[in-house]
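Structure, as structure tokens:
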Amino acid sequence: APTYFSTKRIMSLLEHQQFRYKDDSNQITLAYNYRNPKQVVHLANQLSSLRENVFGKDKRHDYGQEISRVKESGRLYTLCEQPKEKMKLLQEAAQKAYVYVVVATEKEKEALQKQLEDSIRVFTIYEVKGLENKYVIGLNLISHFKEKWQTILDYETGGMVLEESHFYCYLINILYVALTRAQETL
């Protein structure tokens, strides 16, 4: 599952080597985002709030609210519903060096690569971690798990009890990773 950077291991190593104070007065948290446009940061912050509302605070895995320092506002789009038009867009986009297509699973990647004739710019969520690009297309990250996302949203509004919480947390994490890869357009 996608993970987020945690200082816990580093802190325990430093404490074991007695290089760190026991209090957290020397711990710094970055509050500014210098890589993503405002709309993407806003969406990431909304996702962060959803995760906190559904699962509560978890210091080890939380990603906090950020303030975008990128002057451009960026753009967010949803893909068209017509399969032929979507495939035409994906074929064109996957050939551009400045576009990443991100899918949730290896199986989806393999199927899409066959359709796109072995495009090298199709990544699973695991492969795209640590990378960023001008344009990112997150393909089926929500629609592939539509019922599960509806459960998350129902739970946030007090409508359901959430079982399989690790999987629901995973869904939020994969979406967060995918959308924060976009430097300009998502």
Side-chain angles (χ1 to χ4, degrees), residues 1-10 27-79 86 89-90 93-94 96-106 108-109 112 119-146 148-153 155-156 165-186:
T3 57
Y4 297 90
F5 178 75
S6 170
T7 59
K8 189 175 184 177
R9 288 184 182 160
I10 294 171
Q27 192 170 358
I28 298 170
T29 302
L30 298 178
Y32 297 106
N33 181 316
Y34 293 94
R35 69 183 182 280
N36 301 119
K38 290 177 185 172
Q39 278 89 344
V40 171
V41 172
H42 178 70
L43 184 57
N45 286 341
Q46 287 179 313
L47 195 58
S48 179
S49 292
L50 172 66
R51 185 170 193 258
E52 186 177 318
N53 289 343
V54 173
F55 300 105
K57 283 195 172 274
D58 180 356
K59 188 177 179 180
R60 296 168 309 174
H61 298 103
D62 280 348
Y63 30 88
Q65 302 285 314
E66 295 180 337
I67 300 165
S68 179
R69 287 290 191 201
V70 177
K71 293 188 193 289
E72 294 81 30
S73 58
R75 294 173 299 279
L76 302 173
Y77 296 102
T78 56
L79 283 178
K86 185 189 292 186
L89 172 68
L90 289 171
K96 308 293 183 193
Y98 51 84
V99 180
Y100 290 160
V101 179
V102 181
V103 296
T105 67
E106 189 66 38
E108 285 181 279
K109 176 186 174 182
L112 186 58
S119 171
I120 61 168
R121 290 189 180 53
V122 177
F123 296 92
T124 65
I125 203 71
Y126 305 104
E127 294 167 335
V128 81
K129 282 178 65 175
L131 303 176
E132 51 187 47
N133 211 337
K134 202 171 184 177
Y135 298 88
V136 172
I137 298 173
L139 188 63
N140 298 329
L141 297 176
I142 295 175
S143 60
H144 187 76
F145 305 103
K146 187 176 181 180
K148 300 289 187 183
W149 276 102
Q150 190 58 54
T151 301
I152 292 170
L153 297 174
Y155 181 83
E156 186 193 25
S165 62
H166 290 302
F167 183 72
Y168 292 108
C169 188
Y170 165 77
L171 292 179
I172 293 173
N173 291 350
I174 65 171
L175 184 58
Y176 184 89
V177 169
L179 66 90
T180 57
R181 304 303 98 200
Q183 293 172 329
E184 285 184 21
T185 303
L186 177 65

Exercise. Taking the side chain as C-beta and beyond, is there a heavy-atom pair between L179 and V136 under 4.5 Å?
Worked result: no
Exercise. With a 4.5 Å heavy-atom cut-off, do Q183 and V40 have their side chains touching?
Worked result: no
For this session: Could you tell me which non-hydrogen atom of A178 sits nearest to which non-hydrogen atom of L141, and how far apart they are?
Result: CB-CD1, 3.3 Å
Problem set entry | Spatial distance of atom CG (L112) from atom CZ (F123) [nearest 0.5 Å] | 12.0 Å
For this session: Kindly compute the distance separating OG1 (T124) from NZ (K129), expressed to the nearest 0.5 Å.
Result: 10.5 Å
Problem set entry | Rounded distance [0.5 Å steps], NZ in K86 versus CD1 in I137 | 10.5 Å
Seminar exercise, completed: Closest non-hydrogen contact found for V99 with N133 is N-ND2, 3.6 Å
Seminar exercise, completed: Correct closest heavy-atom pair for K148 and F167 would be CG-CE2, 3.8 Å
Seminar exercise, completed: For V177 and V128, the nearest pair of non-hydrogen atoms, with its separation, is CG1-CG1, 4.2 Å
Exercise. Is there a donor-acceptor pair under 3.5 Å between the side chain of R121 and the backbone N or O of K96?
Worked result: yes
For this session: Let me see the working for H144 and L139 under side chain to side chain contact (heavy atoms under 4.5 Å, CB included), right down to the final yes or no.
Result: CA-CA 9 Å; H144 187 76; L139 188 63; over 6 Å; no
Exercise. With distance as the sole test, does S49 use its side chain to make a donor-acceptor pair with the main-chain N or O of N45 at under 3.5 Å?
Worked result: yes
Exercise. Does any non-hydrogen side-chain atom of I172 lie less than 4.5 Å from one of W149?
Worked result: yes
Problem set entry | Residues Y168, T151; criterion side chain to side chain contact (heavy atoms under 4.5 Å, CB included); working and verdict | CA-CA 9 Å; Y168 292 108; T151 301; 3.6 Å; yes
For this session: Check whether any side-chain heavy atom of Q150 sits under 4.5 Å from a side-chain heavy atom of K146, and report yes or no.
Result: no
Seminar exercise, completed: Closest non-hydrogen contact found for A44 with T180 is CB-CG2, 4.0 Å
Problem set entry | From OH (Y98) to CD (E184), nearest 0.5 Å | 10.5 Å
Problem set entry | Backbone of A104 reached by a side-chain donor or acceptor of N140 within 3.5 Å | no
Seminar exercise, completed: Output for pair (N53 CG, L153 CG), nearest 0.5 Å, gives 11.0 Å
Problem set entry | Spatial distance of atom OH (Y100) from atom NZ (K134) [nearest 0.5 Å] | 13.0 Å
For this session: With the side chain counted from C-beta on, respond yes when L43 and L186 share a heavy-atom pair under 4.5 Å apart, and no when they do not.
Result: yes
Seminar exercise, completed: Nearest heavy-atom approach of R181 to L131 is CD-O, 2.9 Å
